[in-house]
Amino acid sequence: MQPTNWLNFLSPQSVVVGLLSSVAVIVPGYLTLLLHKPQLIIDLDAPKIMMICSGVTLPMLFTQLRLSAREASSRGLPAGARVMWTALARTWFVLVAALSISYFSGVGFEKHVVITAALHALVLRAGLGSRSGASTP
């Protein structure tokens with residue numbers, strides 16, 4: 001069986017975006033588990049932890065990707081790395097802000113989810129508002 005040498009076809013940009021996407025998805029979910037459910041980190045093996053961490057953050061990243069792609073297409077820009085960077089930045093902002101608020105205020109997991117959802121809604125609203133505001137002269 002011949003190796004396909006698929007690594008030769010990867011550009012440095014795709015590697016960086018892939019690594020940052022993984023970090024953006026796994027690290028905030030891991031920090032959320034570490035803050036609110038540390039026993040899961042002790043009890044579960046690495047693949048299960050990575051799946052749970054991804055499940056915590058992927059829906060938010062996908063929503064931000066759709067919003068960023070919609071904004072880029074409304075401005076006539078190609079959907080590329082800028083869309084991904086914008087979505088990653090928004091996702092990180094929401095998750096780090098929610099984790100900070102939860103940590104410093106000492107709230108439980110249920111309230112943390114509410115805080116995260118509220119911040120996510122605010123960021124979505126701000127993104128949608130800037131898009132609709134940009135279309136008016």
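It should be emphasised that the depicted structure is a prediction, and the values quoted were computed from it without experimental measurement.
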Listed by chain and number, what are the side chain to side chain contact (heavy atoms under 4.5 Å, CB included) partners of T91, not counting sequence neighbours? M60, L61, Q64, L95
Is there a path of hydrophobic side-chain contacts, each under 4.5 Å between heavy atoms of I/L/V/M/F/W/Y residues, joining [Y] to [X]?
| X | Y | result |
| --- | --- | --- |
| L31 | I42 | no |
| I101 | V123 | yes |
| M51 | I26 | no |

Side chains of [X] and [Y], heavy atoms from C-beta outward: is any pair under 4.5 Å?
| X | Y | answer |
| --- | --- | --- |
| L67 | T63 | no |
| L99 | H112 | yes |
| S102 | I115 | yes |
| K37 | I52 | no |
| F109 | L35 | no |
| K111 | S105 | no |

So which heavy atom on [X] is nearest to which on [Y], and how close?
| X | Y | result |
| --- | --- | --- |
| S68 | A87 | OG-N, 3.5 Å |
| I49 | L44 | CD1-O, 3.6 Å |
| Y30 | C53 | N-SG, 3.2 Å |

What distance do F93 atom CZ and L88 atom CG have between them, rounded to the nearest 0.5 Å?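 Atom-to-atom, F93:CZ and L88:CG are 15.0 Å apart.
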Taking side chain to side chain donor-acceptor pair (under 3.5 Å) as the cut-off, I'd like each qualifying pair that reaches into residues 40-61, sequence neighbours left out, listed once. Q39-D43
For H120, enumerate each residue passing the ring-ring contact (aromatic ring centres under 6.0 Å, His included) test, keeping only those at least two apart in sequence or located in another chain. none
